[in-house]
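Both ligands and their constituent atoms are indexed starting at 1 by order of listing. Quick caveat: nothing in here was measured; it's all calculated off a predicted structure. Values below: all heavy atoms of this structure, side chains included; hydrogens, waters and symmetry mates excluded.
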Amino acid sequence: MHDAVAPQSPLETPLAKAAAVPLPGADELADRFPLEANPRPASPERRAELLRGLHFGTVFTDHMAHARWSRSEGWQQHGIVPFAELSLSPAAAVLHYGQEVFEGIKAYRHADGSIWTFRPRYNAARLNASAARLAMPALPEEDFVASLVDLVRTEAAWVPSGEGESLYLRPFAFASEAFLGVQSANVIDYYVIASPTGAYFPNGLKPISIWVSQDYHRAGRGGTGFAKTGGNYAASLLPQQQAAERGCDQVCFLDDVTQSNLEELGGMNLMVVYADGSVSTPKLTGTILEGSTRSAILRLLADEGRAVREETIPLVTLLEGINSGAVTEVFACGTAAVVVPLGRLAGEGFDVEITGSEASRHIYDQLTSIQYGKAEDPYGWMYRLA
Ligand code: COI
């Protein structure tokens, strides 16, 4: 039996608390990952060409951060190394049993040329929470941040400056030991790759359509739903295909126990906006990823005086609310996509339109203004990398 995790205020979750612990400045963390320079980096002309017309996750920079853990020696071999294909034994445990965790975090260029990131300790703590569930070692939080500092300082020229653009950082760790026994690996490799990125959805804030999967679930109680691990995303691919076959952009998952309550989109959390100005989001039950964007948005909404609830949201209640006008807007949020309004919600036996997108636009502007240094950061969320 696995009990649902008790709901907590977004301000008090272990991840939010970890994120609030001050970090040493980037100069102090720098050089923990010494540079082995790429002998053949992209030329400035090629880089400029690659930085034109950016999409999500297709272009990669010249270097990556790396460290290796072994059970006998702990973390070692820290470095910034040339971005290159990996050499991996076909028997590497990750290829067979999926022992892997990852993160997503962005570096933003501000108008004065400085480069910043958003709540890096949140991602450091979440990587370790995911790693613990996957029986993998923790990476010291300061080393996680140091890997971002050294990589971004090396790749500063790759941080784009266009509207809504950023350098998307993808830290990940996996079982690289060549061993086919089903057990926690004795060797783990940690990498951070960097990808200059534009909008996740090519149409920006244009509302997306959602297919609610009633056949498949993303995660089950006691499983790995709260962890950022590849298997959760693999499980979402077939239902995502079904959503696309039905003309929808993304799939939404329901809980596996009652098969009736909203969970998340697989790569994004959900928020429901009501006519009375209040906002609710599915509570953290252990099957939902605790998004850093979700956490920040809850804080921003609460601080502008809205009632904010983390609660069970039955699909039927949402549909009734949309039909009656009690629900004015639904939006999804995540690091990659930031905020995107839902324009249509469909599933077996229903297909409804949602017209509002005012709150989504407002919260998008508020959050991105902080991230891009255009508004004050009263929460100390931003961390200067370079
Ligand atoms: C993110 O928003 O950073 C994610 O990890 C979601 C998706 C791109 C996997």
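The shortest distance between side-chain heavy atoms of Lys206 and Val340 does not fall below 4.5 Å.
Between the CG atom in Leu342 and the CD atom in Glu353 there is a gap of 12.5 Å [rounded to 0.5 Å]. Atom OG of Ser147 and atom OH of Tyr190 lie 3.0 Å apart (nearest 0.5 Å).
Applying the ring-ring contact (aromatic ring centres under 6.0 Å, His included) test between Phe102 and each of Tyr233, Tyr168, Tyr191 identifies Tyr233 as the sole match.
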Identify every side-chain donor-acceptor pair in residues 73-96 under 3.5 Å, counting partners at least two apart or on other chains, and give the distances.
residue : atom : partner : partner atom : Å
Trp75   : NE1  : Ala138  : O            : 2.8
Ser89   : OG   : Ala91   : N            : 2.9
His96   : NE2  : Pro90   : O            : 2.8

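A salt bridge links Glu141 with Arg121: the closest approach of a Lys/Arg side-chain nitrogen to an acidic carboxylate oxygen falls below 4.0 angstrom.
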Under 3.5 Å: N or O atoms of ligand 1 paired with protein N or O:
residue  : atom  : partner : partner atom : Å
ligand 1 : 2 (O) : Thr335  : N            : 3.2
ligand 1 : 2 (O) : Ala336  : N            : 2.8
ligand 1 : 3 (O) : Tyr168  : OH           : 2.6
ligand 1 : 5 (O) : Tyr168  : OH           : 3.4
ligand 1 : 5 (O) : Lys228  : NZ           : 2.7

